[in-house]
There are 2 protein chains.
Amino acid sequence: MDPRHEVALDQVLELTVLLAEDMAGSLGRDGLTPARAHLLWVLRERGPSTQVVLADALRVSARNVTGLVDALEAADLVARRPHPTDRRATLVGLTEQGGTITARMAHDKALLAAGLFGGLGTEQVQTFSDTLAGVLDRLKVMVADAADTSREPT
Amino acid sequence: MDPRHEVALDQVLELTVLLAEDMAGSLGRDGLTPARAHLLWVLRERGPSTQVVLADALRVSARNVTGLVDALEAADLVARRPHPTDRRATLVGLTEQGGTITARMAHDKALLAAGLFGGLGTEQVQTFSDTLAGVLDRLKVMVADAADTSREPT
DNA sequence: TATTGTTATACTCTATAACTATA
DNA sequence: TATAGTTATAGAGTATAACAATA
């Protein structure tokens, strides 16, 4: 009922829209979609991975990973190679060009962080971050509760 | 270069992911997708509108609006009727059931706002909101600049 | 001529189910 | 038996281009 809460939520929602737009724009310049960029990012963090691991990390189906890897392989951003010990599995790794692009993504992300928060004082950033941490915790609880409720629909 | 900025951005990005998940979950219970819910929401705010107006508000192609309206009409959430003065145009409006659902969406949104910010003090919400307003302003400038640069590629 | 909405076509992301090869 | 990845199929969101009806 407090209008300040609704205003704050509206601001957060606007932020999500603008961020998605900004990031899609950056990725588009590299010819990447958000889903494909996400996969590259996971590879950058985890190193060469099987497709099952990628599906789990991205929280999508194995089938979907096949498609994303197909597209990224065609663009020479990732390469498939046989798993050394499990002959069922495939190891997906970044190519040199994939490494270059993910490095640029990391750089762009740092620029974005600086652009958004660079004008704020250290205390202000800290306060914002602390508040956000609390909000995130509450949201996680709400998401978990909703999942429980829908799984057990009394 | 300040790690606090990157941490804050990571928190914001996590928030966007969790929010999208939470909202998709709520909508899913109504059998709605985010795109269709967005169209309903615009209709709730603006009242009956032509498809061109909807395409503009949603920032998607006219073709896309045709598809979304087709689906929502099949679910009896919106209805097409002839425009009173322009015989080329169609007016799309919420049905009674569409009104019920958008009212529930508004209610859910208020619940979400209360859940996220209800535990915070008035001052804390205000401070958060003020900081967020500044961040939003800076982001808008960055998005606008990026659009200029890509339109006029030196 | 310009605008509104549709048909035609295509690409991406997503999912489930059935299947092959391997563990 | 169970797991890794693929093929088959399908639905949703998105786009551009061509077109009909109307302004």
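The sequence lines fix the lettering, A, B, ..., with proteins before strands; numbering per chain opens at 1.
- Using a 4.5 Å cut-off on side-chain heavy atoms (C-beta onward), B:Thr131 and A:Thr127 make no contact.
- Taking every heavy atom of both residues into account, A:Ala75 and A:Gln97 meet most closely at O-OE1, 4.0 Å.
- Here C:dT4 presents its P atom at 15 Å from CZ of B:Arg80, a figure rounded to the nearest Å.
- Evaluated for a side chain to side chain donor-acceptor pair (under 3.5 Å) with B:Ser129, the options A:Gln11, A:His5, A:Arg4 yield exactly one hit, A:Gln11.
- The distance from atom CG of A:Leu91 to atom P of D:dA4 is 12 Å, rounded to the nearest whole Å.
- For the pair A:Leu91 and A:Thr50, the minimum side-chain heavy-atom distance is below 4.5 Å.
- Under the 4.5 Å side-chain heavy-atom criterion for Ile, Leu, Val, Met, Phe, Trp and Tyr, B:Leu77 and B:Val53 are members of distinct hydrophobic clusters.
- Straight-line distance from the CG atom of A:Leu54 to the C1' atom of D:dG5: 12 Å, rounded to whole Å.
- Heavy atoms of A:Ser61 sit under 4.0 angstrom from at least one base atom.
- Ring planes of B:Phe117 and B:Phe128: tilted class, angle from 30 to 60°.
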Could you list, one pair per line, each protein nitrogen or oxygen that sits under 3.5 Å from a nitrogen or oxygen of nucleotides 21-23 of chain D, together with the distance?
residue : atom : partner : partner atom : Å
D:dA23  : OP1  : B:Arg87 : N            : 2.8

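- Put simply, the side chain of B:Met23 reaches to within 4.5 Å of the side chain of A:Leu13, judged on heavy atoms.
- Rounding to the nearest 0.5 angstrom, the gap separating the CG atom in A:Leu68 from the CZ atom in A:Arg63 is 9.5 Å.
- The distance between atom CZ of A:Arg81 and atom C1' of D:dA4, rounded to the nearest whole Å, is 17 Å.
- In this structure, A:Leu27 atom CG and C:dC13 atom P are separated by 11 Å, rounded to whole Å.
- Rounded to the nearest 0.5 Å, atoms OG1 (B:Thr102) and CG (B:Asp108) are 11.5 Å apart.
- Inter-residue side-chain proximity for A:Arg59 and B:Glu21 is flagged as met; some heavy-atom pair is nearer than 4.5 Å.
- Near-neighbour residues of DNA chain C inside residues 35-44 of chain B, defined by a heavy atom below 4.0 Å, are absent.
- Under the side chain to side chain contact (heavy atoms under 4.5 Å, CB included) test applied with A:Arg44, the options A:Leu39, A:Leu94, A:Ile101 reduce to a single match, A:Leu94.
- A close approach under 4.0 Å does not occur between any side-chain nitrogen or oxygen of B:Gln51 and OP1 or OP2 of C:dT3.
- For the pair A:Thr33 and B:Thr50, both in contact range of DNA chain C, the more 5′-proximal nearest nucleotide belongs to B:Thr50.
- For residues 62-78 of chain B, proximity to DNA chain C is found at B:Arg63, B:Thr66, defined as any non-hydrogen atom under 4.0 angstrom from a strand atom.
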